[in-house]
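Just so you know, residue 1 is the first one in the sequence shown, and it goes up from there. In listed order, ligands and their atoms are each counted from 1.
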Amino acid sequence: FYALYMRASLAKRVVTLHPSPRVLNANSSSAAVSPERFWGSYRPQVYFGMKTRSPQSVVTGLMWMRQFTDLDGNLRHTCEQGDHLPGYGWVMHDGLSFGVQEIHDRDFTLITEFVKRMGGDHGGDWTWRITAKQQPTAVTTPVISLMFYAATDDQGLLQAHVDEKLRLSSITGTSDELGNFKITFGKPTAGEGPGAKYARYNYLQTRILGLDKLTDIVKSSLSHRFIFSPSKGDKRSYFGLDSSKISNQQNQQNTPKSDFVVHQVTVQTPFQIEVLFESGSSWDRPNQLVGSVLTEELEKHKAAFDDKFEGTFGLQAQGFSSAQIQFAKAALSNMLGGMGYFFGQSVVQSVYNEHPVLYPEGPLFTAVPSRSFFPRGFLWDEGFHQLLLSKWDAQLTQEVIAHWLDLINVEGWIPREQILDDEARSKVPSEFIVQHNENANPPTLFLALGELLEKFDKQPESPSSQSMLPFLRRLYPRLQVWFEWFNTTQVGPVANSYRWRGRDKDTNLFLNPKTLTSGLDDYPRASHPSTDERHVDLYCWMTLASGIMANVARILGEPHQIYDATHRTLSDNDLLDKLHWAENLHAYSDYGNHTQAVSLQQEKVFVPPGQPRHQFPVARLVRSVRRAPKLQYVNALGYISLFPFLLQILTPDSPKMEHILQAIHDPQRLWTPFGLRSLSQADNLYMKRNTEHDAPYWRGPIWININYLAVRALHHYGSTEGPYKEKAAGLYQELRTNLINNVFKQYLGTGYIWEQYNDVTGRGQGSHPFTGWSSLTLLIMAEKY
Ligand code: 6A9
């Protein structure tokens, strides 16, 4: 019985939150406490939409389609690479009160703007302005349907108000967090100012099961029986929302509890439409935020944005061109406009759980790496995001760090990838959903925290520095257990070494078993995962983390000796060299059970019975090992080898600098005209697939997060006395120029910032837009490290 009891309570640990008081009060995001941040574009997964920072927010959004073409592939809603848009993204966004986005569809452009105005008790009002223009290349003048919607999430009510035939003029509603409100739909005008345009209207009011169903419901409610007949021009039938189609579909067993109302307006370009949200709690507005009032507000916000941007990053002063500055503004704006407020539960598992279990419910306010392909929080990405955002709004960074640390469990573990609600889950293949509590991810939030500490030191009177002490005080117990978790669960086989857990287990199937937890997925490690391994990147992350811990402890007047001691030990370059310097390779390396002599070979196998086609042998790739592995340093030269340099653990006079700077500058190894490639061209796994389905990822391509660290390190060593000062300073200029030029050029050419860049051609590749850490290009331009 005791054993059973023990097992059950161990099984609970993974889903038990840490007991220390949360950094954020339960109501910290509420309209009462934080009205300015209540409404926002916190739905980065849709092209345009807003919600509030509350668990079951009313959501608002926009879908659109071009008429007189196929329905298939023409309804736009969630950001999808498959839509093949020539480009979209925020060109201005202050993360707080306004944003301007440009969306280029095939032969027309939509500009989506929003402005907020405070007032009342529920986060105030806002207005959207959508401006549609045809592109110069358009052959015919596009007729477009915009579909504005609002939906509740299990609580609240929406009521459609229809004036003329089928025209929805407004939605009134109520919800726990918003009280009463009204959304008013303006009529389309020909451009700025009045002047009516011919338009057709349709609408839909229905109930739904969940927010992941919005697109499907709209799609299945469209019918082609409506006629578009402007005074000049042909009568043509178009796709319109048809309530009669929806009512007979509602045969689900579950009762849908959410309201969904859609207003469709169909009109020819060019046109402009405004949508006005007004809080019922606001009584004393001077005027409505529409028309010229809106234009004026927008202009004010744009001017303030430009000023703050130049004041923060100084790109004009540096002599960048206006096109480059526009690109840089887009980089920042997309990271801000990519912030999401998610609420829900992760699916997690420990060795004590037979099946995955649900993590406690909670909020996460975070930026996302990519609005299209992975619009959700990733732990180590976030540290990089906050390096940029802390420059713009350090209080925002505090809030984000607080949200992440409030997710920590009693063990000191934070799930790496945050897939919190049905909408998020609907985008992720099931095998990737479960998060395991042995698995880490680099603690880059310490990088961001380092930024905040520096600001605290240098600008003690800034608002964020004023709130720094109370913030750190509440954060500290959580930082302690987080650090402790790394320092106990991820230790290596010999003293002061560290090892990532959670490497791929099925070693036969992979050329080199992946280490997703390190963040550098398929970067080559020891060929045969074992407990004998030690990983140099994790050693360096721990060096960084212990240093920041010591600083925080000192600031708070807490005992800091332990962290200091750890930091001193790990910073000792003799220890580092002893654990990780491979003399024969002239590089810092992982150590483990390893052989170079591996390759993928075609093998005919019978698929196990139970799966289809098991009668026939099929060819698949399996790993063949030609020479037995042995304990040794891992001969891969690339990003991992640079870590002691990247995180500035090397002393400026270390003779190892010579080898590192050489490897960096060698075109046969890491240097390219576009930035540093992830793995040496001379490496035998360079650009090799890991399985037949798994293309090389961190085995050659250029990644901007690591390049940012490299430029920052060169800047540091280039301005610190030592034998390599000049060499580093020279490389700094070269690498910086290459990175800026290429990311900018690719943006101009493709309309996007990308996940990674090809090391031979410089071309952007992988998911896009990727305005997570690739946006750090802006900091490289601004030389803010
Ligand atoms: C797979 C695909 C529709 C991989 O930027 C996020 C992470 C990084 O943290 C990591 O270092 N990316 C990098 O190696 C992207 C991970 C995407 C995993 C989701 C499901 C959805 O299919």
Just wondering, do Phe645 and Tyr588 contact through their side chains at under 4.5 Å, heavy atoms?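 They are not in contact (no side-chain heavy atoms under 4.5 Å apart), so the answer is no.
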
Between ligand 1 and the protein, tabulate every N or O atom pair separated by less than 3.5 Å, reporting distance only.
| from | atom 1 | to | atom 2 | distance (Å) |
| --- | --- | --- | --- | --- |
| ligand 1 | 5 (O) | Asp381 | OD2 | 2.7 |
| ligand 1 | 9 (O) | Trp380 | NE1 | 3.1 |
| ligand 1 | 9 (O) | Asp381 | OD1 | 2.6 |
| ligand 1 | 11 (O) | Trp380 | NE1 | 2.9 |
| ligand 1 | 11 (O) | Gly519 | O | 2.6 |
| ligand 1 | 14 (O) | Gly519 | O | 3.3 |
| ligand 1 | 14 (O) | Asp521 | OD1 | 2.9 |
| ligand 1 | 14 (O) | Asp521 | OD2 | 3.0 |
| ligand 1 | 14 (O) | Trp698 | NE1 | 2.9 |

Check this for me, if you would: do Glu423 and Lys213 make a salt bridge, where the nitrogen-to-carboxylate-oxygen distance has to be below 4.0 angstrom? no

When you check the gap from the basic side-chain N to the acidic O, do Glu451 and Lys784 get nearer than 4.0 Å?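 Looking at Lys784 together with Glu451, the answer is no, because their closest N to O distance does not fall below 4.0 Å.
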
Side chain to side chain donor-acceptor pair (under 3.5 Å) with Asn437: of Arg501, Gln349, Glu411, only one passes, and it is Glu411

Using the benzene-type ring in the case of Trp, are the ring centres of Phe48 and Trp64 under 6.0 Å apart?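 No; Trp64 has its ring centre 6.0 Å or more from that of Phe48.
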
Tell me whether the NZ or CZ atom of Arg53 lies within the 45° cone about the ring axis of Phe365 and under 6.0 Å from its centre.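 Yes.
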
